[in-house]
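Notes to accompany the following structure.
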Amino acid sequence: MGGTAAISGGVVWLPDHEQMAAHGKTDSPDEAKAYFQSLDHGEMDEAVLGAFVTEARQMHSFLTGIDAIKLTMMPDYPDYYQDRPGAKADGGRSLDNELFDFTALGEWKDRVFQNGPSPRMMLRETPLGGSSGMVDPAILQKRAEQDQRGWGQALVGRLLKACLDRGIEPMLGCGGYRLCVENGRVTGAIVERDGQQKTMTARQGVVLATGGFEWNEALKHAFLRGPLDAPASPPTNKGDGLKMAMAAGAGLGNMTSAWWVPTLAIPESEWQSGETRNMPVLIERTLPHGILVNREGKRFCNEAANYSALAGAFHQFDPATYAYPNLPAYLIFDSHYRERYPLASFMPGTPLPDWVAQAETLEELATKIGVDARNLPATVNRFNDLAERLDDQDFARGKTDYDRFYGDRSRDGAAATLGALTKAPFYAVEIKMGALGTNGGPKTNALAQILDVDGQPIAGLFGAGNVISAPTGSVYAGAGGTLGPALTFGYIAGRAAAKRFNQ
Ligand SMILES: Cc1cc2nc3c(=O)[nH]c(=O)nc-3n(C[C@H](O)[C@H](O)[C@H](O)COP(=O)(O)OP(=O)(O)OC[C@H]3O[C@@H](n4cnc5c(N)ncnc54)[C@H](O)[C@@H]3O)c2cc1C
């Protein structure tokens, strides 16, 4: 119960929401629309985008009013493309979940999916939300005793409670595989539970919300623009909803894209079904005393750039070698980094696992990981020179607020992300191209109705979340840029199905 959302940060990006005014911030659907349209490469539909930026406010107040969400604005979290029209460079559109008391869920408490310890902090109390991560241990202890959880657990927990309070019980372990279509109208779905197939009839319509296809090799190869080897989401997102929609004749959009993120495979951490868990790399590549290099031992990007857009650098294609020169990529860091900052959950002062290569010299390190041993020392020298001048002339790292947001906030300006690699031993770890989920799928209209290949609504079929062609195209607008549209389109789909469009 809960999918990727339950293990996510739970941050929700919403334009023009009610809490902005109290912080002296202004916004409007038009500003948000202008922001997206300035980033559009032809994949956005104006009416669908318009539905998101307009309905987001209603969704927020409706779900808040029925206690199904409880969100608080993170005032300083900047939008990711700060120089674009309509961007909120000083933040305001990203919202964090208040802690939720899981004991309120009764027997459902342990059915919400999680992989690892329950988050006892709100995201805005952690470095990911721009804070120190230091919370009084007595407070944390109390939260643990009361089973209060933050992040995506709080988001899903509250939504589930609101359903249970209204007598709506999810059926777990129940997979949908085919839609039932009668006279051109979707009337239900064939599901499988305990090895038995069953037809479920849907009076109001079927809302597909099965997440993306990032764990389906065939679909990834068929559609995506480049490798997605290490998804950060749970392996339950196999594209079943996409296949159901295709079989019902849906037209597709945004299929080459995903909510890309560089990831680090953690071999000792596995999903229940045995797949290696891949962790999004947001902070490690941004902190001082580290750089990303390719097989040639050369830097190829602003390491601190926003994670979703950064995939473009990983997916660069070399026509001469007919290969991706920046895959695999490596994070190289030195002992200054090691003494100050964590790598995933490995804190300074604790031993690193053996899958992190280390060596006394950069040449030796390069040889160990199969990177050009002549280039790597030259690359590091060049970077050190730029870092000491606090001016990355090669990739402009550290020039924007966003670049510095995930950096070392005890250091001012570009020093939050720029720092030389001078102290041995040196370390290296492979960084893969992953995703938080895919974002292409069946196209919808502004009522979340799924459209057929000719652009006509398929009667009785709706969609929301990563299963559909994202209302915001391939653009990850700011923190919460996937859950904001997903919640809003869930809300739109629910209302439209309740009104029973296309009888
Ligand atoms: C580590 C991490 C952190 C993230 N943090 C954020 C964040 O802070 N803010 C943000 O906006 N985004 C974040 N994301 C991305 C976000 O979590 C996803 O984009 C979002 O959860 C997608 O929602 P969804 O409902 O479409 O899919 P999911 O949340 O993945 O849910 C899909 C559900 O469908 C079920 N399902 C699949 N197939 C079937 C089937 N055939 N029949 C029945 N059920 C099926 C799955 O089991 C699952 O429960 C994060 C992702 C990761 C991995």
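When a ligand or atom number is given, it counts from 1 through the structure's own listing order. Sequence positions, counted from 1, serve as the residue numbers for this chain.
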Next item on the list: Run the salt-bridge test on Asp147 and Lys109 with the 4.0 Å N-O cut-off and return the result as yes or no.
Entry: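 A salt bridge is present here (some side-chain N lies under 4.0 Å from a carboxylate O).
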Item checked: All side chain to side chain contact (heavy atoms under 4.5 Å, CB included) counterparts of Asp240, not counting sequence neighbours ->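 Testing Asp240 for side chain to side chain contact (heavy atoms under 4.5 Å, CB included), a comparison that skips the adjacent residues, returns Tyr177, Lys238, Lys243, Met244.
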Note to self: If you apply the rule salt bridge (charged side-chain N to carboxylate O under 4.0 Å, His left out), what do you find for Lys33 with Glu46, and how did you get there?
What the structure shows: CA-CA 9 Å; Lys33 200 164 153 195; Glu46 192 172 353; 3.1 Å; yes
Once you restrict both partners to nitrogen or oxygen, which atoms of ligand 1 have a protein partner under 3.5 Å, and how far apart are they?
{"from": "ligand 1", "atom 1": "5 (N)", "to": "Gly9", "atom 2": "N", "distance (Å)": "3.0"}
{"from": "ligand 1", "atom 1": "8 (O)", "to": "Gly10", "atom 2": "N", "distance (Å)": "3.2"}
{"from": "ligand 1", "atom 1": "8 (O)", "to": "Val11", "atom 2": "N", "distance (Å)": "3.0"}
{"from": "ligand 1", "atom 1": "9 (N)", "to": "Val11", "atom 2": "O", "distance (Å)": "2.8"}
{"from": "ligand 1", "atom 1": "11 (O)", "to": "Val11", "atom 2": "O", "distance (Å)": "3.3"}
{"from": "ligand 1", "atom 1": "11 (O)", "to": "Gly480", "atom 2": "O", "distance (Å)": "3.3"}
{"from": "ligand 1", "atom 1": "11 (O)", "to": "Thr482", "atom 2": "N", "distance (Å)": "3.2"}
{"from": "ligand 1", "atom 1": "11 (O)", "to": "Thr482", "atom 2": "OG1", "distance (Å)": "3.2"}
{"from": "ligand 1", "atom 1": "11 (O)", "to": "Leu483", "atom 2": "N", "distance (Å)": "2.8"}
{"from": "ligand 1", "atom 1": "12 (N)", "to": "Thr482", "atom 2": "OG1", "distance (Å)": "2.9"}
{"from": "ligand 1", "atom 1": "19 (O)", "to": "Asn466", "atom 2": "ND2", "distance (Å)": "2.9"}
{"from": "ligand 1", "atom 1": "19 (O)", "to": "Thr482", "atom 2": "OG1", "distance (Å)": "2.7"}
{"from": "ligand 1", "atom 1": "21 (O)", "to": "Ala5", "atom 2": "N", "distance (Å)": "3.1"}
{"from": "ligand 1", "atom 1": "26 (O)", "to": "Asn466", "atom 2": "N", "distance (Å)": "2.8"}
{"from": "ligand 1", "atom 1": "29 (O)", "to": "Thr4", "atom 2": "N", "distance (Å)": "3.1"}
{"from": "ligand 1", "atom 1": "29 (O)", "to": "Ala5", "atom 2": "N", "distance (Å)": "2.9"}
{"from": "ligand 1", "atom 1": "30 (O)", "to": "Thr4", "atom 2": "N", "distance (Å)": "3.0"}
{"from": "ligand 1", "atom 1": "30 (O)", "to": "Thr4", "atom 2": "OG1", "distance (Å)": "2.5"}
{"from": "ligand 1", "atom 1": "30 (O)", "to": "Asn237", "atom 2": "OD1", "distance (Å)": "3.4"}
{"from": "ligand 1", "atom 1": "30 (O)", "to": "Asn237", "atom 2": "ND2", "distance (Å)": "3.1"}
{"from": "ligand 1", "atom 1": "41 (N)", "to": "Gly176", "atom 2": "O", "distance (Å)": "2.9"}
{"from": "ligand 1", "atom 1": "41 (N)", "to": "Asp240", "atom 2": "OD2", "distance (Å)": "2.8"}
{"from": "ligand 1", "atom 1": "42 (N)", "to": "Gly176", "atom 2": "N", "distance (Å)": "2.9"}
{"from": "ligand 1", "atom 1": "49 (O)", "to": "Gly3", "atom 2": "N", "distance (Å)": "3.3"}

Margin query: Using side-chain heavy atoms (C-beta onward) and a distance below 4.5 Å, is Pro280 in contact with Leu436?
Written below: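 Yes - at least one pair of side-chain heavy atoms lies under 4.5 Å apart.
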Next item on the list: Please determine which of Thr472, Asp79, Thr482 meets the side chain to side chain donor-acceptor pair (under 3.5 Å) test together with Trp13.
Entry: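 Of all the options given, the one that passes is Asp79.
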Notebook entry, point to check: Is it true that Tyr476 and Tyr307 have ring centroids separated by less than 6.0 Å?
Noted result: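 Under 6.0 Å, so yes.
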